[in-house]
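Hydrogens, waters and symmetry mates play no part in the numbers below; they use all other heavy atoms, side chains included. Protein chains get the first letters and strands the later ones, always in sequence-line order, with residue 1 at the start of each.
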Amino acid sequence: MLEGLLALLPQVIFDGLLLGFVYAMIALGYTMVYGVLELINFAHSEIFMIGAVVGVEVFRYLAPVIPNGVVVLVLALILGAIISGVMAMIVERLAYRPLRARGTTNRLVPLITAIGVSFVLQDLVRLVEGIWHNEFKLQMRLIPPLDGNFTFLTVFIQYKALILILVSLLMLVGLNYLVNRTKLGTAIRAVAQDMNTARLMGINPDVIISRTFLIGGALGGVAGVLFAVQYSTIDPYVGFLPGLKAFTAAVLGGIGNITGAMVGGLVLGQMETLAGTYLPTLTGGNFGTEYKDVIAFLILILLLLFRPQGLLGQVVKEKV
Amino acid sequence: MSLLELKNIHTYYGHIHALKGISLTVKEGEIVTLIGANGAGKSTTLRTISGMVKPRSGEVLYQGKPVQRVPAEQIVSMGIGHVPEGRRIFPRLTVEENLEIGAYLLNDKKLVEERKQIGFQLFPRLYERRAQKGGTLSGGEQQMLAIARALMQDPKLLLMDEPSMGLAPVLVDFIFETIQNLNRSGKTILLVEQNARIALQIAHRGYVLQTGELTLSGPAADLAAKPEVQAAYLGGH
């Protein structure tokens, strides 16, 4: 039995990697907004979902016209990033900024707003899809070469999976560069650390916050498109669970910490896939694959108990 | 014409009437100090000038133009630099990044680099620590960084809030020497201090602030000689 389990391992790790990259990219949106506003933007799940829906729609209309799947995917990624990013910006402008302008200090208020926005976006997409296609359950239709595959040693690898990893890596490296090496990135970090002092430097925090939502939203959109390509079945509620898990990943890595969000996503992806595969065998069938979600949130609860600052989060000593 | 003029400024924090009709002037090339006890409204005065708090009534005139409704992030671009109370270094930005963010409004990379070098010449210690996170610096180094950061946009007027706070005496002397040098090189300075003795030593003129109102003003030497100032702010010597 052990041999059988071990033989599966490379495949499980590869699948966990895919899931982990999706979580990591969504987690970045959570963590960036949290870093700047200390707001858990629950609507980010829906920004991700919108990306997934855009992905399906782009394939629906462009795949019959453009025969190359990679070209269609690139267009879907660009469109998904733009639409999700702009959506996130609009949400910030309409729902969060007015609360800030009123000087609301109760942190619960924007949190509840975020949950409300989440419902609004779900049903908005449902409405639009309902009017447009008479149904809100969407099926991704892939075209070559995306649907191809090969086997490397014992690991079954789909081309679309390779693209997911490649694009995720590019996005993560790009974001790291943007945040740590550019003027905008420095301004984002400055606003995150001390908004009032940032104003003394000539930074308008509202502009920086808006850009932060744009960037986080665009990443969520890209993650959504890749998710749709990878897992095919999409509906307006598809953001909820991945979003919640990505939030878990962000906390796991240390919320507000960008590298932490990536690490947290990858770790959570592995944990969940490993648990989903091995739990049934290890427990003699008592706990099925469906318990993988329990594992994900169990990790969150344990982490909050023993290391509330997350894996990479640190309590920075600040001298006054 | 004064570089800066406050006319009958009233500022509130919620229901607290923090500034009760402040009027003062700062002329180009001066060091003016604002002394007073804790909570007298010294920081509030500076924060009102730099736009961080809005006065309920009154006028702030900078180079003759009213700026009391201009947002803080635009005040900087008009040539007013603020070295805030408690330094307010960005703790997780490096020393170099702290300086670069001080030059946020400059788009000329060469100019930013030049200004950074000027800061490093002023405070060689900062050059040694340039790759360190701001939060790991000592209090004195943070004060140097806060000053160098405010200088990045080459302000005409520098607002300095308690630069001596929490510093060892030898460092206080060094910082005040630096302030004097900055003034000699053309910066106009409005200095808020609890350490009235040293502030009155380097300032040209001074104001005494008491619970939101100015009670005394005049040339720094005259203020330092006044018995009531000596009793209240100079430890009675």
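Residues satisfying the side-chain contact (heavy atoms from CB on, under 4.5 Å) criterion with Leu219(A), sequence neighbours excluded, are Leu28(A), Met171(A), Leu175(A).
The backbone N or O of Ile26(A) sits less than 3.5 Å from a side-chain atom of His44(A), completing a donor-acceptor pair.
Contact of Gln153(B) with chain A is made through the side chain alone, with heavy-atom distances under 4.5 Å. Only the backbone of Leu106(B) comes within contact range of chain A, judged by heavy atoms closer than 4.5 Å.
Ionic pairing of Arg88(B) and Asp161(B) is not present here: no N-O contact between side-chain nitrogen and carboxylate oxygen is shorter than 4.0 angstrom. At a threshold of 4.0 Å, the pair Glu113(B)-Lys116(B) counts as salt-bridged, since one of the basic side-chain nitrogens sits closer than that to a carboxylate oxygen. Under 4.0 Å is where a charged nitrogen must lie from a carboxylate oxygen, and between Arg100(A) and Glu92(A) at least one such pair does.
Contacts of residues 177-192 of chain A with chain B at a heavy-atom distance below 4.5 Å involve Asn180(A), Lys183(A), Thr186(A), Ala187(A), Arg189(A), Ala190(A), listed in sequence order.
Comparing Asn204(A), Ile203(A), Asn196(A) by how many heavy-atom pairs each has under 4.5 Å with chain B, the most go to Ile203(A).
Ring pair Phe213(A)/Tyr96(A) is tilted by interplanar angle, where 30° to 60° counts as tilted. Using bins of under 30°, 30° to 60° and over 60° for the plane-to-plane angle, the ring pair His10(B)/His17(B) lands in the tilted bin.
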